[in-house]
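Worksheet: one structure, shown below.
Throughout, numbering of the chain's residues begins at 1 and tracks the sequence.
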Amino acid sequence: MVDDDPGEAGMIGHNDKWAEQARSNRRQFASGPFGLMLALLFAVSACGEAPQQDRRKVVAAACTGLTEPGMVWIAGGHFTMGEDARYSEEGPPREVEVAGFWMSQTEVTNAQFSRFVAATGYRTEAERDPPSLPGAPPEMLLPGSAVFRVPTSDNRNWWNWVPGASWRNPSGPESAIDGRDNDPVVQVTYNDALAYAQWAGLSLPSEEQWEFAARAGAESLPEPKDAAGNPTANYYQGVFPARDLGEDGFTARAPVGCFPANAFGLHDMIGNVWEWTTAAARPGLPVNVIKGGSYLCAANYCARYRPAARQFQERDLGTDHIGFRLVDNQLPAPR
C-alpha cells in the first residue's frame, strides 16, 4: 500500500483491516498528518542547501550505476526474522532457516525491463484500462498509476492517480526514462514483476529470503548510516513530506549500485525503491508484502528502511517507488 506514505560470492550471466486499507487506496491516496509539516515545507524551502550537501549531490550525479548487474550466491543459514520490530506487523521475532539461493545484485533496471518488453510485447497493468471502481474520479478510469507529490495548502494528498504514468513514464506523460537505463524500473505491479520473473526463468524472493539477504549477518540498525553518520542508502533526510534534504545525494530514485553493497554483495536492499516479495499479507487477500523502504522513507514518518520492516501493497497497483529483484532457487551453489 502507498504508505511512504508515506561480499561477493560467484557471480552470474514478496486481517481485514489490511483489506479495507487496500480497497480505499485507489479512491483516496494517503494524506496523513499535515499541519506542522506544511509550515515546515515553506520554512525549509526558503533555505539554501549547505555546500556539503551540494558536494554530495555532485558526487551522486556522477554515479551512473551498474550497467549489467549479475547475481550473487547467498549461502543461506539461520536467522531471527522480524528482529528489533518497530511496528506490530513486523513481529513477533521467530527463528527461520533459509536454504541457499542466488539473488540479483540490484533491483531490476529500466534497461533489463525494456528487453523483456521488446521480446514479449508485454503491457504492464498501468498501461491497461484500470478496473472499474464505483464513484472513482474520471482520471482513475484511464490507464495510469500512483505518483508521489509534495502536498500543498490546496491539495494535501501525497499521492495522485496520474493518467499515463507507467514504467516508461514514471511520473506521467511529461516524464521519461531516457538516459536512465540503470535506474530501477518502477510503476510495476506484483503481476508485472511476476511476468518478468517467469520470462527470465527466475522467481521473486520469498520474504524470508529477502530479509535474510538484507541482513547479511549484520545487526538491524535503526537507520542506514555509517560510523560518521553519513547515509549509506537512498532514503528521505528531512521532515517528510515537506522536503527531502538529499543528504545522501539524491532526492528521488538513484541508479542501482550507487551505494555500498552489503556483506553479501547486494546493493540497495535498503532504500531506493521498495521490492516485491511472494509473501501474502493474509491468505485470500490480493495484497503482498514489499520490503526495504524507499527514497520516501523518513525517520519522522515511515522509518521502514530496515530489513525487518514490511509494508502491504495491492498486487495490481504500482507506484513510482516500488520495484523488484529476482532469485534463482534452481541453480546449484558455486563450486
Side-chain angles (χ1 to χ4, degrees), residues 4 6-9 11 49-67 69-70 72 74 79 83-87 90 103-109 182-184 186 205 209-240 243-275 290-311 321-325:
D4 276 41
E8 192 162 319
M11 292 179 56
E49 289 187 305
Q52 183 178 8
Q53 292 180 21
D54 288 339
R55 286 194 295 272
R56 275 196 290 266
K57 289 184 178 180
V58 170
V59 172
C63 178
T64 58
L66 297 178
T67 302
V72 297
I74 310 299
F79 80 113
E83 190 173 35
D84 193 25
R86 300 301 177 88
Y87 296 100
E90 298 171 9
M103 188 174 225
S104 304
Q105 277 183 295
T106 72
E107 297 137 344
V108 171
T109 65
N182 297 337
D183 278 19
V186 293
Q209 288 176 320
W210 195 99
E211 189 168 326
F212 179 79
R215 284 285 298 272
E219 293 183 11
S220 184
L221 299 176
E223 192 166 352
K225 292 183 176 182
D226 63 18
N230 298 313
T232 58
N234 182 14
Y235 64 104
Y236 200 104
Q237 295 89 43
V239 179
F240 181 89
R243 186 186 179 197
D244 185 351
L245 299 176
E247 294 174 356
D248 55 27
F250 297 92
T251 55
R253 295 176 297 278
V256 299
C258 286
F259 291 86
N262 69 13
F264 287 169
L266 302 168
H267 295 271
D268 302 317
M269 292 296 287
I270 299 300
N272 212 14
V273 296
W274 287 96
E275 300 180 14
I290 53 176
K291 299 282 281 185
S294 79
Y295 65 92
L296 293 176
C297 275
N300 74 295
Y301 183 68
C302 170
R304 286 185 167 92
Y305 35 52
R306 298 167 289 105
R310 57 207 305 260
Q311 182 74 295
H321 74 332
I322 300 178
F324 66 102
R325 76 178 69 212

By side chain to side chain donor-acceptor pair (under 3.5 Å), which residues pair with [X], not counting sequence neighbours?
X: D183; result: R180
X: T109; result: Q112
X: Y236; result: none
X: N272; result: E107, N234

For the backbone of [Y] and the side chain of [X], can you confirm whether one donor and one acceptor N or O come within less than 3.5 Å of each other?
X: H267; Y: C258; result: no
X: N300; Y: V239; result: no
X: R304; Y: A309; result: no

Considering all heavy atoms, the nearest [X]-[Y] contact:
X: G257; Y: D268; result: N-OD2, 3.0 Å
X: P222; Y: R86; result: CB-NH2, 3.5 Å
X: L266; Y: A213; result: CD1-CB, 3.6 Å
X: A214; Y: P307; result: CB-CB, 3.9 Å
X: I322; Y: I290; result: CD1-CD1, 3.9 Å
X: P224; Y: Y305; result: CD-CD1, 3.6 Å

For the atom pair [atom1] ([X]) and [atom2] ([Y]), what is the distance rounded to the nearest 0.5 Å?
X: E211; Y: E90; atom1: CD; atom2: CD; result: 8.5 Å
X: W274; Y: S294; atom1: CH2; atom2: OG; result: 7.0 Å
X: N262; Y: R215; atom1: CG; atom2: CZ; result: 11.5 Å
X: R306; Y: M269; atom1: CZ; atom2: CE; result: 14.5 Å

(request) Under the ring pair (Phe, Tyr, Trp, His ring centres under 6.0 Å) rule, collect the residues that match up with F212, sequence neighbours excluded. (result)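 Expected list: F79, F264.
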(message) Could you work out, with salt bridge (Lys or Arg N to Asp or Glu O under 4.0 Å) as the rule, every residue matching R253, not counting sequence neighbours?
(response)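 Per chain and number, R253 pairs via salt bridge (Lys or Arg N to Asp or Glu O under 4.0 Å) with no residue.
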(request) Verify side chain to side chain contact (heavy atoms under 4.5 Å, CB included) between Q237 and D248, making sure each step is shown before the conclusion. (result) CA-CA 8 Å; Q237 295 89 43; D248 55 27; 3.1 Å; yes
(request) Go through the side-chain N and O atoms of W210 and E275 and say whether any donor and acceptor fall under 3.5 Å apart. (result)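 The criterion, which ignores hydrogens and geometry beyond distance, is satisfied for E275 and W210.
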(message) Walk me through whether T67 and N182 qualify under side chain to side chain contact (heavy atoms under 4.5 Å, CB included).
(response) CA-CA 6 Å; T67 302; N182 297 337; 3.6 Å; yes
(request) Mind running side chain to side chain contact (heavy atoms under 4.5 Å, CB included) on F324 and S104 for me, showing each step along the way? (result) CA-CA 10 Å; F324 66 102; S104 304; over 6 Å; no
(request) Please work out whether the ring planes of Y295 and H321 are parallel, tilted or perpendicular, with thresholds of 30° and 60°. (result)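 Perpendicular, since the angle between the ring planes exceeds 60°.
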